[in-house]
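Encoded as structure tokens, the structure appears first; notes follow it.
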There are 2 protein chains.
Amino acid sequence: MGYTSGSMDKLREPLAMTSQCGLPVALEAMGERWSFMILRAAFNGVRHFEDFLEALGIARNILSNRLSRLVEAGILKREHCEDDRRRIEYRLTERGYDLLPAMLALRQWGEKWELGVPSDPVLCDAHDGKPIGPIAILAHDGRVIDCHDLTWRTRADVDADAARQAARPSAVA
Amino acid sequence: MGYTSGSMDKLREPLAMTSQCGLPVALEAMGERWSFMILRAAFNGVRHFEDFLEALGIARNILSNRLSRLVEAGILKREHCEDDRRRIEYRLTERGYDLLPAMLALRQWGEKWELGVPSDPVLCDAHDGKPIGPIAILAHDGRVIDCHDLTWRTRADVDADAARQAARPSAVA
DNA sequence: GTTTTAAGTTGCAACTAGAAACTTAAATAG
DNA sequence: CTATTTAAGTTTCTAGTTGCAACTTAAAAC
């Protein structure tokens with residue numbers, strides 16, 4: 001059931017405005033100190049408690065707690081091995097797998113601004129074996145958008161536009 | 001000089017393998033509890049201490065500490081206003097601006113898996129005013145790659161391939 | 001020149017992280 | 001079939017972190 005010492009599972013203050021933004025809820029699941037490192041190990045094929053322990057150099061109780069939280073959040077699933085009933089496998093769920101862009105974006109930022117060199121191992125396109133390019137922001141039609149060609153709009157405004165366009169379909173396109 | 005009560009600025013254990021991966025170094029800068037929320041507020045135009053305070057509902061001392069850390073990390077810059085010498089403006093640097101893909105990827109994950117609805121405000125393409133699409137992983141040639149068509153390779157292998165292709169330029173594509 | 005505002009600091013109390021030793025249950029060795 | 005090892009946790013205890021509330025400092029407004 002996870003780590004219960006001290007009183008770690010207390011209510012925790014929501015990160016404010018949990019209502020209308022996806023960021024606080026994502027951070028609720030992934031915002032803790034080791035969560036992304038555990039995820040990275042999982043993406044690299046690490047599945048067992050002792051292997052995470054060794055790969056990360058994290059304390060046992062913290063790993064236990066983090067794994068439980070990630071399982072609760074539906075990011076990992078916990079399964080007993082059939083061949084060895086002691087062993088438990090932690091595997092990424094679809095939800096967990098879908099965190100890859102976020103993890104890569106962070107990692108690429110770190111490479112670019114802090115390390116100056118590409119990380120090892122390198123994530124590659126399975127088709128041609130070449131390293132992937134940068135994580136990008138795409139427009140609705142698939143164009144890559146530059147970071148500076150962006151603007152915030154309220155949902156109300158966006159929805160109003162969409163309604164206008166539905167009425168006059170040939171307006172922008 | 002920031003928050004010093006209790007003894008908060010102690011040495012902190014590096015997140016393991018800081019050497020060859022950009023993720024731990026990115027987390028060193030952005031891995032703390034409020035960092036991404038502060039960044040989000042900054043992207044939304046919040047610039048002053050008291051405004052962050054109100055927007056986030058964070059404690060004053062924690063905000064002070066987080067802002068100092070983000071400034072140290074080069075993600076925000078601290079500037080005195082000219083018209084009112086009391087006021088200090090915290091503004092995103094290029095480095096900070098470049099965290100947008102990571103923040104959006106997290107936010108989109110939260111929207112997709114936890115909220116089920118798009119956040120408000122919505123980030124839009126400045127050219128056509130339409131909401132941006134999902135953050136994507138791109139191949140070296142710009143194709144969007146599906147999460148399952150990826151594979152990890154060592155830098156050594158990738159570099160060896162690159163050398164081979166340099167020798168026989170017409171080999172793959 | 002007193003009050004207000006902006007941006008912090010300081011002093012606690014409550015919480016969280018981490019190292020190391022302990023537990024439990026399943027596998028393997030003798 | 002008992003004794004040992006291995007896998008995955010718990011517990012204990014210390015040290016470090018978070019957060020509230022009250023205090024400080026310096027510049028602006030009244």
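The model shown is predicted, which means the values in this text are computed figures rather than measured ones. Letters go in sequence order (proteins before strands), and every chain restarts at 1.
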Next item on the list: Report the C-alpha distance between A/Y90 and A/R78 in whole Å, list the side-chain angles of each, state the deciding distance to 0.1 Å, and finish with yes or no for side-chain hydrogen bond (donor to acceptor under 3.5 Å, both in side chains).
Entry: CA-CA 5 Å; A/Y90 290 96; A/R78 181 190 261 123; 3.2 Å; yes

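- Atom NE2 of A/H80 and atom C1' of C/dA25 are 11 Å apart (whole Å).
- Nearest nucleotide to the B/E32 side chain, out of C/dA19, C/dA7, D/dT18: D/dT18.
- Mapping A/D84 and B/H48 onto DNA chain C by nearest heavy atom places B/H48 closer to the 5' end of the strand.
- Nearest to the side-chain atoms of B/A59 among the listed nucleotides C/dA7, D/dC20, D/dA8 stands D/dC20.
- Residue A/W34 places no side-chain N or O under 4.0 Å from the OP1 or OP2 atom of C/dA17.
- Regarding B/E54, its CD atom lies at a distance of 14 Å from the C1' atom of C/dA6, rounded to whole Å.
- Going from atom CD1 of B/I62 over to atom P of C/dT10 covers 14 Å, rounded to whole Å.
- For A/N61, taking side-chain heavy atoms from C-beta onward, the closest of the listed nucleotides D/dT12, C/dA6, C/dG8 is D/dT12.
- Between C/dT9 and B/S64, a contact under 4.0 Å exists linking OP1 or OP2 to a side-chain N or O.
- For the salt bridge (charged side-chain N to carboxylate O under 4.0 Å, His left out) criterion with B/E50, the lone passing option out of B/R60, B/R86, B/R87 is B/R60.
- As rounded to whole Å, 18 Å separates atom P of D/dA27 from atom CZ of B/F49.
- Put simply, the side chain of B/I58 does not reach to within 4.5 Å of the side chain of B/M37, judged on heavy atoms.
- Separating the CG atom of A/L53 from the P atom of C/dG18 is a distance of 12 Å, rounded to the nearest angstrom.
- Position along DNA chain D of the nearest nucleotide to B/R85 versus A/R86 favours A/R86 as the more 5'-ward residue.
- Along DNA chain C, the nucleotide nearest A/D83 and the nucleotide nearest B/D51 are compared for position; the residue whose nucleotide lies closer to the 5' end is B/D51.
- The side chain of A/R66 contributes an N or O atom lying less than 4.0 Å from OP1 or OP2 of C/dA17.
- Residue A/R33 places at least one side-chain N or O closer than 4.0 Å to OP1 or OP2 of C/dG18.
- Applying the side chain to side chain donor-acceptor pair (under 3.5 Å) test to pairs two or more places apart or on separate chains, those with a residue in residues 113-123 of chain B are A/R95-B/E114, A/D98-B/W113, B/E111-B/S119.
- Residues A/L123 and A/R107 form no side-chain contact, since every pair of their non-hydrogen atoms from C-beta on lies 4.5 Å or further apart.
- Which of D/dT10, C/dT9, C/dA19 sits closest to the side chain of A/R60 comes down to D/dT10.
- The interatomic distance linking B/L63 (CG) with C/dT9 (P) rounds to 11 Å, in whole Å.
- OP1 or OP2 of D/dG9 sits under 4.0 Å from a side-chain N or O of A/Y90.
- Listed nucleotides: C/dA17, D/dG9, C/dA6. Nearest to the side chain of B/E50: C/dA6.
- Atom-to-atom, CD of B/E82 to C1' of D/dA28 comes out at 16 Å; the value is rounded to the nearest Å.
- In this structure, CZ of A/R87 is placed 17 Å from C1' of C/dT24, rounded to the nearest angstrom.
- A/I75 is listed as a side-chain neighbour of B/W109, based on a closest heavy-atom distance under 4.5 Å.
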